[in-house]
Structure formats: C-alpha cells, structure tokens
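These notes are about the structure you will find just below.
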Amino acid sequence: MRSDVLNKNSGSFGDQHKEHNIMDVVSDTTLTPDDSGKMIIVNPTAETTITLPTVTHKGWYCRIVLDEDEAGTDTGMDQVVNVDLGSGANLANVGQIHEVDGAAGNFAAANDDFVVFTAAASPGDTIECISNGKRWFVYGFVKDLSEADFSTQATTIA
C-alpha cells in the first residue's frame, strides 16, 4: 500500500522491480528524444548507422550493445555498425573506450564524430552515450580497440 511505503517504520519499500527498456535494431536508425534511457541491442542485417538525436537534449542517454544471435565470440560480428554522434556539428565529444584484450584503451579526440564497430567487432561490445546539452560523453567496453573505437569518419576507424 502507498501509505505503508510512506510510513518510515513499515519496512515496506514498494515495488522495486525495474526492467530495461530494450529497443532492437537491425538496420539504419535515427534515435529520438523519446528513446532516452533505452538499451539499444544491435543485430545488423547490413552495414548499420545509429544516429543519436541532437545533443541539445540535456540528460538524454542510451546504452548500445552489439549482438549477433550467438555467444560472445571474438570478432563474431559480420556487419559494420556506426554510431553517429552528430557528424559535422563539431561538438568536441569526450569519453573513453576500454578494451578487455589488454591495451589501455582510447579517448575521444577532436572531430571524433563516430564510434565505429567494424565487421570484426565482438558481440557484447558496448557504449553508453550521455548528453549534457552541449556534447556527448561516451564510455564503452569492447573486446579489441582495433575493431571498435572512436573515429572521425563512418565505416572505418580513423
């Protein structure tokens, strides 16, 4: 009952069960302000670009996770996935992507308008994108930076 939750001595904390709001993506997708908070599961059928909404939506965020309908095998993806962080908008995005294959990781630099997952990326590679209204903050964990990293261009890591 609601009154139980409001009573500090009740020991009831109400319904605490939460579920992720999951959006499945298989092809080019432009996210909207209403997609904030979603976990985007990407199982591409061809080269796929996920375009984030304009960065002006302060507090907007999502998590993007690669999937290939199989166990998380190294280099198990078979299509390129590009995440467009506002290409051409000169946003000076910031963030870090860390790999689990042994290297130290990488950070976003000037003109890094994309995160590119090559066709040899790994299922489970993940980034989280958060807007402060002026730029994207991007943090991720990937199997190998040579297959998933910040980039100044779509489709290839550069």
Side-chain angles (χ1 to χ4, degrees), residues 15-89 91 93-109 111-133 135-158:
D15 185 8
Q16 298 296 310
H17 183 268
K18 298 224 180 210
E19 293 181 359
H20 283 285
N21 187 351
I22 293 177
M23 176 179 181
D24 294 313
V25 170
V26 297
S27 61
D28 291 351
T29 301
T30 298
L31 300 177
T32 69
D34 291 337
D35 293 322
S36 182
K38 290 184 178 177
M39 178 181 287
I40 314 299
I41 307 291
V42 186
N43 186 359
T45 56
E47 182 178 304
T48 298
T49 297
I50 299 168
T51 304
L52 300 184
T54 75
V55 75
T56 59
H57 299 285
K58 186 176 185 177
W60 193 97
Y61 72 99
C62 75
R63 178 175 290 168
I64 298 171
V65 181
L66 299 189
D67 185 25
E68 193 55 42
D69 282 339
E70 62 180 64
T73 59
D74 186 19
T75 71
M77 298 302 294
D78 63 359
Q79 300 293 335
V80 173
V81 176
N82 306 298
V83 179
D84 187 337
L85 304 170
S87 57
L91 299 175
N93 300 310
V94 298
Q96 302 171 9
I97 296 179
H98 297 272
E99 75 167 38
V100 298
D101 209 20
N106 196 15
F107 61 93
N111 301 316
D112 278 345
D113 292 339
F114 298 91
V115 174
V116 175
F117 299 93
T118 71
S122 299
D125 286 355
T126 302
I127 61 169
E128 192 165 86
C129 305
I130 307 148
S131 169
N132 72 346
R135 66 176 70 186
W136 290 107
F137 292 82
V138 180
Y139 298 96
F141 292 95
V142 300
K143 173 70 167 85
D144 194 324
L145 278 173
S146 64
E147 306 303 342
D149 201 357
F150 293 106
S151 181
T152 58
Q153 57 189 332
T155 72
T156 59
I157 296 173

(message) Please enumerate all residues that pass side-chain contact (heavy atoms from CB on, under 4.5 Å) together with Thr54, with sequence neighbours excluded.
(response) Thr56, His57

Kindly list each side-chain donor-acceptor pair under 3.5 angstrom involving residues 75-82, sequence neighbours excluded, with atom names and distances?
residue : atom : partner : partner atom : Å
Gln79   : OE1  : Glu47   : N            : 3.3
Asn82   : OD1  : Thr155  : N            : 2.7
Asn82   : ND2  : Thr49   : OG1          : 3.3

(request) Would you check if the side chain of Asp101 reaches a backbone N or O of Leu145 as a donor-acceptor pair within less than 3.5 Å? (result) no

(request) Could you tell me whether the side chain of Tyr61 reaches within less than 4.5 Å of the side chain of Cys129, counting heavy atoms only? (result) no

(message) Using side-chain heavy atoms (C-beta onward) and a distance below 4.5 Å, is Val55 in contact with Leu52?
(response) no

(request) Identify, with sequence neighbours excluded, every residue that meets side-chain contact (heavy atoms from CB on, under 4.5 Å) alongside Asn43. (result) Asp67, Glu68, Asp69

(message) Can you list everything that forms a side-chain contact (heavy atoms from CB on, under 4.5 Å) with Val26? Sequence neighbours excluded, please.
(response) Thr45

(message) Can you tell me how far apart CD (Glu99) and CG (Asp144) are? Round to the nearest 0.5 Å.
(response) 5.0 Å

(request) With sequence neighbours excluded, tell me which residues meet side-chain contact (heavy atoms from CB on, under 4.5 Å) with His98. (result) Gln96, Phe141

(request) Please report the closest heavy-atom contact between Gly59 and Ser36, naming both atoms and the distance. (result) O-OG, 4.0 Å

(message) Just verifying a value: how many Å separate Leu85 CG and Trp136 CH2, rounded to the nearest 0.5 Å?
(response) 8.0 Å

(request) Report yes if some heavy atom in the side chain of Phe150 is under 4.5 Å from a heavy atom in the side chain of Asn93; otherwise report no. (result) no

(message) With salt bridge (Lys or Arg N to Asp or Glu O under 4.0 Å) as the rule and sequence neighbours excluded, what pairs involving residues 54-66 come up?
(response) Arg63-Glu128

(request) Scan for salt bridge (Lys or Arg N to Asp or Glu O under 4.0 Å) pairs involving residues 22-37, sequence neighbours excluded, and state none if there are none. (result) Asp35-Lys38

(request) Taking the side chain as every heavy atom from C-beta outward, state whether Leu31 and Ile50 have any pair of such atoms under 4.5 Å apart. (result) yes

(request) State whether the side chain of Trp60 and the backbone N or O of Thr32 hold a donor-acceptor pair below 3.5 Å, judged by distance alone. (result) yes

(message) Please give me the minimum heavy-atom distance between Ile97 and Ala148, naming the atom from each residue.
(response) CG2-O, 4.3 Å

(message) Donor-acceptor check, side chain of Ser87 to backbone of Asp113, threshold 3.5 angstrom: yes or no?
(response) no

(message) Going by salt bridge (Lys or Arg N to Asp or Glu O under 4.0 Å), name the pairs with one or both residues in residues 146-158, residues two or more places apart or in two chains.
(response) none

(request) State the CD1-CG distance between Ile127 and Leu66, to the nearest 0.5 angstrom. (result) 8.5 Å

(message) Would you say that Ile64 contacts Val42 through its side chain, given a criterion of any heavy-atom pair below 4.5 Å between the two side chains?
(response) yes

(request) Could you pull out all residues at least two apart from Asn132 that satisfy side-chain hydrogen bond (donor to acceptor under 3.5 Å, both in side chains)? (result) none

(request) Would you give the length of the straight line joining atom CG of Asn106 to atom OG of Ser146, rounded to the nearest 0.5 angstrom? (result) 12.0 Å

(message) Ignoring hydrogens, what is the shortest heavy-atom contact between Asp125 and Lys143? Give both atom names and the distance.
(response) OD1-N, 2.9 Å

